[in-house]
Amino acid sequence: MPHNYWLFKSEPETYGFDRLEREGRTEWSGVRNYQARNLMKEMRVGDLGFFYHSSTKDTGIAGIVKVVREAYPDFTARDRKSPYFDPKATEAKPIWEMVDVAFERRLPRFVSLAELRANPALAATMVLLKKGSRLSVQPVHPREWKIVLEMSEGTAGA
DNA sequence: GCCAACGTTGGC
DNA sequence: GCCAACGTTGGC
């Protein structure tokens with residue numbers, strides 16, 4: 001049984017859900033926002049999350065991932081060649097952390113951002129839908145999780 | 001490409 | 001500690 005539900009944003013041109021399905025598992029590195037980092041620290045093995053495609057033509061939820069390793073230092077922060085390099089990160093104080101996630105399953109169908117917005121049961125509460133929300137890792141309420149799953153089992157717009 | 005909203009930085 | 005300036009995110 002999963003403990004909590006989450007949402008992970010990714011730009012499909014950089015790393016999409018199709019690629020995770022092929023590779024099976026990945027390190028969620030490169031998060032450089034304290035709030036998002038703190039949320040990752042709360043994640044437990046077995047937690048599930050939505051995989052959200054952002055900054056692309058078809059924004060929305062593509063599938064489900066599972067947390068397979070709890071927070072540990074994000075080594076890209078100490079890699080000078082990485083775009084996520086942070087000179088303030090040290091071995092003793094890595095600052096940034098990441099989790100590992102694995103492909104869990106596809107949704108019956110893609111649920112678009114427009115559809116999520118159009119659902120009044122989600123619009124008021126879901127972090128993703130709040131005005132100006134930019135968090136790349138977000139908590140999802142079990143109620144919201146269930147609603148999105150139900151939407152993906154129905155037809156678009158229904 | 002535009003631009004609103006956000007988080008961070010740095011001067012004071 | 002305040003807050004203006006800046007860089008980034010991300011939908012449209």
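Note that the structure is predicted; figures quoted are calculated from it, not measured. As a basis for the values below, the full set of heavy atoms in this structure was taken, side chains included, without hydrogen atoms, waters or symmetry mates. First the proteins, then the strands, lettered A, B, ... as listed; each starts at 1.
- Closest to the K88(A) side chain, of the nucleotides dT9(B), dG7(B), dA5(B), is dT9(B).
- Here dT9(C) presents its C1' atom at 12 Å from CD of Q138(A), a figure rounded to the nearest Å.
- Distance from the side chain of Y34(A) is smallest to dT8(B) among dT8(B), dC12(C), dG7(B).
- Between F103(A) and the options L20(A), I64(A), T26(A), a side-chain contact (heavy atoms from CB on, under 4.5 Å) holds for only L20(A).
- Separating the CZ atom of R32(A) from the P atom of dT9(C) is a distance of 12 Å, rounded to the nearest angstrom.
- A side-chain donor from one of Y72(A) and D100(A) sits under 3.5 Å from a side-chain acceptor of the other.
- Spacing between atom CD of Q35(A) and atom C1' of dT8(B) amounts to 14 Å, rounded to whole angstrom units.
- Side chains of R143(A) and L122(A) form no contact here, defined as non-hydrogen atoms less than 4.5 Å apart.
- Counting to the nearest Å, the P atom of dC6(B) and the CG atom of L128(A) are 14 Å from each other.
- The distance between atom CG of L135(A) and atom P of dT8(B), rounded to the nearest whole Å, is 10 Å.
- Nucleic acid contact class of T56(A) (heavy atoms, under 4.0 Å, all strands): none.
- Straight-line distance from the CD atom of E11(A) to the C1' atom of dG11(C): 12 Å, rounded to whole Å.
- Distance CG (D58(A)) to P (dG10(C)): 17 Å, rounded to an integer number of Å.
- The distance between atom CZ of R134(A) and atom P of dT8(B), rounded to the nearest whole Å, is 9 Å.
- Residue R117(A) is classed as a sugar-phosphate contact, given heavy-atom separations below 4.0 Å to backbone atoms only.
- The side chain of S55(A) approaches dG10(C) more closely than any other nucleotide in the set dG7(B), dG10(C), dC12(C).
- Under a cut-off of 6.0 angstrom, the local environment of CD in E23(A) is crowded, with over 12 non-hydrogen atoms contributed by other residues, nucleotides or ligands.
- Within the structure, salt bridge (charged side-chain N to carboxylate O under 4.0 Å, His left out) contacts touching residues 67-76 of chain A (residues at least two apart or in different chains) are R32(A)-D74(A), R44(A)-E70(A).
- The shortest distance between the side-chain N/O atoms of R37(A) and the OP1/OP2 oxygens of dG7(B) is not below 4.0 Å.
- For K131(A), no side-chain nitrogen or oxygen approaches OP1 or OP2 of dA4(B) to under 4.0 Å.
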